[in-house]
Amino acid sequence: MTAAITILALLLVAFVALGVYATVKAVGAAKRGVDRTITQARRTVEDTTLRAKSFGQTGVAGELAQLRLALRTSMRATQDALHAGVAEDSSLAESVGLFRRLSAHGLELDEELKRLEREPDRATVAGLLPQLRERTERITHSADSLRWAARDRARQFADDDLDALNAQIDIEAGALRHWTAEEQQPGQAPGAASQGPAASQGPGAGATQGRDAGVDWPEPAAGSGNSSTADESWGGPAREEAPQAITAPDPHLRTKYPWQKSARPETTN
């Protein structure tokens, strides 16, 4: 009795622990989903605001908005390309590590540009624009290089795979058209290719092909040794039967039909 109670208690504790674990995992997944949604919404709002500022404002504010928009667009495109490619090509792991280091510089520059947008001293900010523009170009150039290198690598792999597939398809198509290789082999004239199989099959086959081609060849003699074998191979009679004597048919043994009149008996005088 005590053992049964202990087993039931252990099962109850195990079920409770499993329920708590499942609840924690579900809550964590829901929280991550909510955080991801909030981050994407915030990013969309910031990008829309930057586009509006870059087109609607002029001067220092518009220049800063353009720099931030170019930086964020390039970094996000490179991140998506590398993360999509590393799942299929493990050699891009080093490129992902380099991009993380580059992202640290990009985030630092984005925060600096965002802080300078609220800077009231526009003259000082205007003096910093050439340096900020150069840093932005350097970071975006590195990000673009990584992104296009990853795309070129994936495209090269796809081209190699397509070339190999085309070669296999050509081989399979040639195997399916095997009769074309039999009709004319390399190094032979068209007439020699058509006469090759006939010469290899012997005189009987040559005579048969001559008849099929419309050439009248003399028939083999009745006493030839291989005539019966050749005839049997094509399904015909081995030898013709000897001619029988022609006898007049008996009129009484003929089959009578309804429309025929019966023969009258002959009378003798």
Side-chain angles (χ1 to χ4, degrees), residues 1-52 65 67-118 135-136 138-169 172:
M1 187 65 181
T2 306
I5 295 175
T6 304
I7 293 174
L8 291 176
L10 291 176
L11 291 176
L12 180 61
V13 171
F15 285 139
V16 171
L18 183 60
V20 170
Y21 176 77
T23 303
V24 171
K25 296 292 288 185
V27 171
K31 184 179 180 180
R32 286 192 298 270
V34 171
D35 294 341
R36 191 182 303 110
T37 303
I38 293 175
T39 302
Q40 291 178 356
R42 186 184 296 111
R43 185 182 303 165
T44 303
V45 172
E46 289 181 357
D47 292 344
T48 304
T49 304
L50 289 175
R51 288 190 179 90
L67 292 178
R68 287 192 64 194
L69 184 61
L71 177 65
R72 292 164 66 92
T73 303
S74 178
M75 298 296 290
R76 188 176 301 117
T78 305
Q79 180 180 3
D80 295 341
L82 291 179
H83 287 174
V86 75
E88 300 178 356
D89 188 3
S90 59
S91 61
L92 293 178
E94 185 176 358
S95 300
V96 173
L98 293 175
F99 178 74
R100 289 197 183 98
R101 296 173 57 187
L102 184 64
S103 297
H105 295 278
L107 292 174
E108 182 180 357
L109 178 59
D110 186 67
E111 291 295 332
E112 185 176 356
L113 292 173
K114 187 176 181 180
R115 184 172 61 253
L116 290 176
E117 286 179 352
R118 299 187 296 268
R135 289 177 59 189
T136 304
R138 291 175 60 186
I139 294 175
T140 54
H141 177 71
S142 299
D144 294 343
S145 298
L146 281 176
R147 182 174 69 254
W148 284 110
R151 290 178 178 176
D152 292 343
R153 181 181 179 86
R155 189 182 302 110
Q156 183 63 35
F157 284 163
D159 292 341
D160 293 343
D161 189 18
L162 182 59
D163 293 340
L165 180 60
N166 289 335
Q168 294 178 0
I169 290 176
E172 181 66 19

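Positions are given from 1, in the same order as the sequence printed here. Nothing here was measured: the structure is a model prediction, and the numbers come from that model.
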Test item: Ile139 and Met75 side chains (from C-beta on) under 4.5 Å apart, heavy atoms: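 When only atoms from C-beta onward are counted, Met75 and Ile139 do touch, with a gap below 4.5 Å.
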Rounded to the nearest 0.5 Å, what separates atom [atom1] in [X] from atom [atom2] in [Y]?
X: Asn166; Y: Asp159; atom1: CG; atom2: CG; value: 10.5 Å
X: Ile169; Y: Glu172; atom1: CD1; atom2: CD; value: 9.5 Å
X: Leu69; Y: Ser74; atom1: CG; atom2: OG; value: 11.0 Å
X: Leu107; Y: Arg72; atom1: CG; atom2: CZ; value: 9.5 Å
X: Glu112; Y: Leu67; atom1: CD; atom2: CG; value: 11.0 Å

Output all residues satisfying side-chain contact (heavy atoms from CB on, under 4.5 Å) with [X], sequence neighbours left out; order by chain, then residue number.
X: Ser142; answer: Leu102
X: Asp89; answer: Ser91, Leu92, Arg153, Phe157
X: Ser145; answer: His141
X: Ile38; answer: Val34, Arg42

Atom CZ of Arg76: over 12 foreign heavy atoms under 6.0 Å: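 Yes, because the 6.0 Å sphere around CZ of Arg76 holds more than 12 heavy atoms from other groups.
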Could you give the side-chain donor-acceptor pairs of residues 5-33 under 3.5 Å, partners two or more places apart or in another chain?
{"residue": "Thr6", "atom": "OG1", "partner": "Thr2", "partner atom": "O", "Å": "2.8"}
{"residue": "Thr23", "atom": "OG1", "partner": "Gly19", "partner atom": "O", "Å": "2.7"}

By side chain to side chain donor-acceptor pair (under 3.5 Å), which residues pair with [X], not counting sequence neighbours?
X: Gln156; value: Asp160
X: Glu108; value: none
X: Thr140; value: none

Salt bridge (Lys or Arg N to Asp or Glu O under 4.0 Å) partners for Arg155, two or more places apart: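 If we apply the salt bridge (Lys or Arg N to Asp or Glu O under 4.0 Å) test to Arg155, skipping adjacent residues, the hits are Asp152.
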All salt bridge (Lys or Arg N to Asp or Glu O under 4.0 Å) counterparts of Arg151, not counting sequence neighbours: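 Testing Arg151 for salt bridge (Lys or Arg N to Asp or Glu O under 4.0 Å), a comparison that skips the adjacent residues, returns none.
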His105 and Arg138: CA distance, side-chain angles, deciding distance, side-chain contact (heavy atoms from CB on, under 4.5 Å) verdict: CA-CA 10 Å; His105 295 278; Arg138 291 175 60 186; over 6 Å; no
Pair listing, side-chain hydrogen bond (donor to acceptor under 3.5 Å, both in side chains) test, anchored in residues 77-86, at least two apart: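 Sorted pair list: Thr78-Arg147.
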Check: Gly106 main-chain N/O paired with Asp110 side-chain donor or acceptor under 3.5 Å: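 Answer holds: no.
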